[in-house]
Amino acid sequence: MGNDEGCDKQKRVVFVTVGTTCFDALVRAVDSNIVKQALFAKGYTHLLIQMGRGSYLPTKSEGDGALAVDYFTFSSSIAAHLRSASLVISHAGSGSIFETLRLGKPLIVVVNEDLMDNHQSELAEELADRKHLYCAGPQTLQQTITDMDLSSLSPYSPGDATPVAQHINSFLGFPDD
């Protein structure tokens with residue numbers, strides 16, 4: 001890859017989001033040296049962490065031959081962060097997952113294993129089985145990053161709800177458009 005030469009290395013951002021939750025296990029995992037080294041080895045240059053209600057504070061870094069790291073708690077919208085990301089690492093919230101997939105961004109979903117009755121893990125695992133994203137736990141994140149091949153992911157195409165809406169409209173007696 002020719003972008004390793006000189007000081008003009010292309011900025012490649014990993015955006016991490018936990019939504020409005022507290023998911024310190026994910027924030028700790030991405031802040032670990034082993035995960036940051038795995039991301040840097042894959043060519044990523046910046047790590048931006050949206051840490052939500054968590055209490056664990058990541059270590060900020062300017063980069064200097066390693067991954068630059070910054071964080072914040074909340075934002076009125078994460079859409080701009082998602083659009084500028086080269087890779088997204090997210091909690092298993094359906095809003096975060098589908099917003100990222102609609103943007104066509106590579107995604108690693110990290111399941112919060114501390115949640116009871118975790119329906120989010122079912123969604124993440126199903127989408128991983130369909131090759132739309134990678135699924136990991138906080139303990140397996142580094143290995144997932146090391147092993148990931150983003151070219152093996154399939155683009156996500158949202159389903160067409162038109163037939164369902166037409167059926168409901170017909171059932172309720174509304175005229176066809």
Applying a strict under-4.5 Å side-chain criterion to I, L, V, M, F, W and Y, I'd like to know whether [X] and [Y] cluster together.
{"X": "V27", "Y": "F72", "value": "no"}
{"X": "V88", "Y": "F23", "value": "no"}
{"X": "L133", "Y": "V18", "value": "no"}
{"X": "V69", "Y": "I34", "value": "yes"}
{"X": "L67", "Y": "M51", "value": "yes"}

With a 4.5 Å cut-off on side-chain heavy atoms, are [Y] and [X] touching?
{"X": "L39", "Y": "I145", "answer": "yes"}
{"X": "L123", "Y": "I97", "answer": "yes"}
{"X": "L127", "Y": "V109", "answer": "no"}

Full working for side-chain contact (heavy atoms from CB on, under 4.5 Å) between S55 and D24: CA-CA 7 Å; S55 58; D24 279 345; 3.1 Å; yes
Distance from [X] atom [atom1] to [Y] atom [atom2], nearest 0.5 Å?
{"X": "T73", "Y": "R53", "atom1": "OG1", "atom2": "CZ", "value": "10.0 Å"}
{"X": "L47", "Y": "K60", "atom1": "CG", "atom2": "NZ", "value": "12.5 Å"}
{"X": "Q10", "Y": "Y44", "atom1": "CD", "atom2": "OH", "value": "11.0 Å"}
{"X": "S90", "Y": "L82", "atom1": "OG", "atom2": "CG", "value": "8.0 Å"}
{"X": "I78", "Y": "S84", "atom1": "CD1", "atom2": "OG", "value": "11.0 Å"}
{"X": "H132", "Y": "L101", "atom1": "NE2", "atom2": "CG", "value": "7.5 Å"}

Considering all heavy atoms, the nearest [X]-[Y] contact:
{"X": "V111", "Y": "A124", "value": "CG2-CB, 4.2 Å"}
{"X": "K105", "Y": "A85", "value": "NZ-O, 2.9 Å"}
{"X": "P138", "Y": "E113", "value": "CD-OE1, 3.9 Å"}

Candidates I108, L87, L48, V30 - the one meeting side-chain contact (heavy atoms from CB on, under 4.5 Å) with V16: V30
Tell me whether [X] at atom [atom1] has more than 12 heavy atoms from other residues, nucleotides or ligands lying less than 6.0 Å away.
{"X": "R130", "atom1": "CZ", "result": "no"}
{"X": "L57", "atom1": "CG", "result": "yes"}
{"X": "K131", "atom1": "NZ", "result": "no"}

Pair H81 and F15, ring centroids less than 6.0 Å apart: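 Judged by ring-centre distance (under 6.0 Å), H81 and F15 do meet the cut-off.
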Please check if any side-chain donor atom of [X] sits under 3.5 Å from a side-chain acceptor atom of [Y], or the reverse.
{"X": "S152", "Y": "Y134", "answer": "yes"}
{"X": "Q37", "Y": "N33", "answer": "no"}
{"X": "D31", "Y": "Y71", "answer": "no"}

Can you tell me if [X] uses its side chain to pair, donor with acceptor, with the backbone of [Y] under 3.5 Å?
{"X": "H46", "Y": "R12", "result": "no"}
{"X": "K42", "Y": "M148", "result": "yes"}
{"X": "T144", "Y": "T140", "result": "yes"}

Steps toward side-chain contact (heavy atoms from CB on, under 4.5 Å) verdict (L26, L141): CA-CA 9 Å; L26 171 54; L141 181 58; 4.2 Å; yes
Evaluation steps, side-chain contact (heavy atoms from CB on, under 4.5 Å), between S75 and Q50: CA-CA 8 Å; S75 173; Q50 182 270 317; 5.8 Å; no
